[in-house]
Amino acid sequence: MFRNQYDTDVTTWSPAGRLFQVEYAMEAVKQSSAAIGLRSKTHVVLACVNKASSELSSHQKKIFKVDDHIGVAIAGLTADGHVLSRYMRNECINYNFTYESPLPVGRLVVQLADKAQVCTQRSWKRSYGVGVLVAGLDESGAHLYYNCPSGNYFEYQAFAIGSRWQAAMTYLERRFENFMDSSREDLIKDALISVRETLQEEKLQISVCTVAVVGVGEPFHILDQETVRKLIDTFEIVREDGSPAPEPGDAAPDLGEAAPAAAAEEGAAPMDI
Amino acid sequence: MTKQQANWSPYDNNGGSCVAIAGADYCVIAADTRMSTGYNILTRECSKITKLADKCMMASSGFQADVKALQKLLAARHLIYQHQHNKQMSCPAMAQLLSNTLYYKRFFPYYSFNVLGGLDSEGKGCVYTYDAVGSYERVGYSSQGSGSTLIMPFLDNQLKSPSPLLLPAQDAVTPLSESEAVDLVKTVFASATERDIYTGDKLEIVVVNAEGIRSEYMDLRKD
């Protein structure tokens, strides 16, 4: 994408009928570290890659709990994501106060989308520079939505956003037909493998990724490091001989061999709480 | 020509009594479950006690509509606190929040007489007592509601804690054990039920200690 004369204001159309500012906002999402979501009939899993600006700093928080039954993972301008999470939390609290029941996910997602749309039609505003993966559970089941800076939203079986999202999507497209009936554990493993796909050269370690789950009888929460480390270990994401990782549902390989290289360099990044 | 008076009041008194007693490592909060209006009983099984945070319970008597509104508001505020601070509110923090919330409606008050009970940040029992507009104080024990005039003198007799003005400051919590405090509460309510028409039916007792929260019930006279 290169600069042109129609991209200065969000309120200027291009002759081809595009709003470049909005598209540039979506670029911000593509440049950030990856976030992935998958869902089954009963559970939704969010996983994201943690990026820290340096070894000395803590990593940015990309997964937020919105309510017991809804959580989000963001990619893009984290500050914008923080503001939107606060909005979503407020909406959930207010709805619960009035109706004494949890806010249906589909309703929240529409409100979020409309909020994003406002920024695409005001000359004194800019779009939110963040893509939001909304994972939630309500009476109609488990849902995963993606909210775009443009104000569009879609429901997904599985989706990946952020840098190298195509790599994760390739894996998800191969496997998505199994997701609906997946067990909770298999769903989490698929999420971790998708995260690994976006990492390419790096090893999948607990310091690099965060995983969160919401499901029937299970309020939204971020899995602790120990649990994630065990899951990574149990299916040997990285083998020393470079062969691809066994996918969940394949015959379990003998776990004695190939000391998981992932475990060797584990340990929280400095300032990780 | 005498001044015109309102012939409709936004308030009603649904009666009932609440008590809270703080111990060294526990807190007992109790309230009857009768809800009345005038000389009628609306229900014999209405709880006046609510959990505001992990180690913080509130018992309120007065106008139950205002009580319910207040409980919902505090629950929502607690949720916001948890999102922002990633932890539960402590009892002293909740006590201050309740006070501010009540004073916010200084000129159209919540007709709610509250007693907050729980464990403070050190795990010691704490009780806070309020008036309708938020004036509050940490004490070793308290009672509110229609039976409080009957209950309070008895608690003073059994538990009188040193005045907070006494120097050096002494612990206001009772040296009684948890089961002794629960027995005292049962005795106190049985007596109050005898003479206060608005107190009776059933007694709900909640005990907060290091292990968590447990509830107990006791029948009271139904007349």
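Lettering follows sequence order; numbering is per chain, from 1.
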S.K.: Within 45 degrees of the axis of the six-membered ring of Tyr110(B) and under 6.0 Å from its centre: does Lys105(B) put its NZ or CZ there?
M.R.: yes
S.K.: Indicate whether any N or O donor in one side chain lies under 3.5 Å from an N or O acceptor in the other, for Asp66(B) and Ser112(B).
M.R.: no
S.K.: Checking heavy atoms, do the side chain of Asn94(A), its backbone, both or neither come under 4.5 Å from chain B?
M.R.: neither
S.K.: As a quick check of understanding, evaluate side chain to side chain contact (heavy atoms under 4.5 Å, CB included) for Lys230(A) and Glu226(A), giving each step before the final call.
M.R.: CA-CA 6 Å; Lys230(A) 287 206 185 94; Glu226(A) 229 353 82; 3.9 Å; yes
S.K.: Nearest heavy-atom pair of Phe113(B) and Gly62(B): which atoms, and what distance?
M.R.: CD1-CA, 4.3 Å
S.K.: Anything under 3.5 Å between a donor and an acceptor, one on a side chain of residues 102-114 of chain A, the other on a protein residue two or more places apart or in another chain? List them.
M.R.:
| unit_1 | atom_1 | unit_2 | atom_2 | d |
| --- | --- | --- | --- | --- |
| Gln111(A) | NE2 | Glu91(A) | OE1 | 2.5 |

S.K.: About how many Å separate CD of Glu204(B) and SG of Cys18(B), when rounded to the nearest 0.5 Å?
M.R.: 10.0 Å
S.K.: Output the residues of residues 31-60 of chain B for which the shortest heavy-atom distance to chain A is under 4.5 Å, in residue-number order; output 'none' if no such residue exists.
M.R.: none
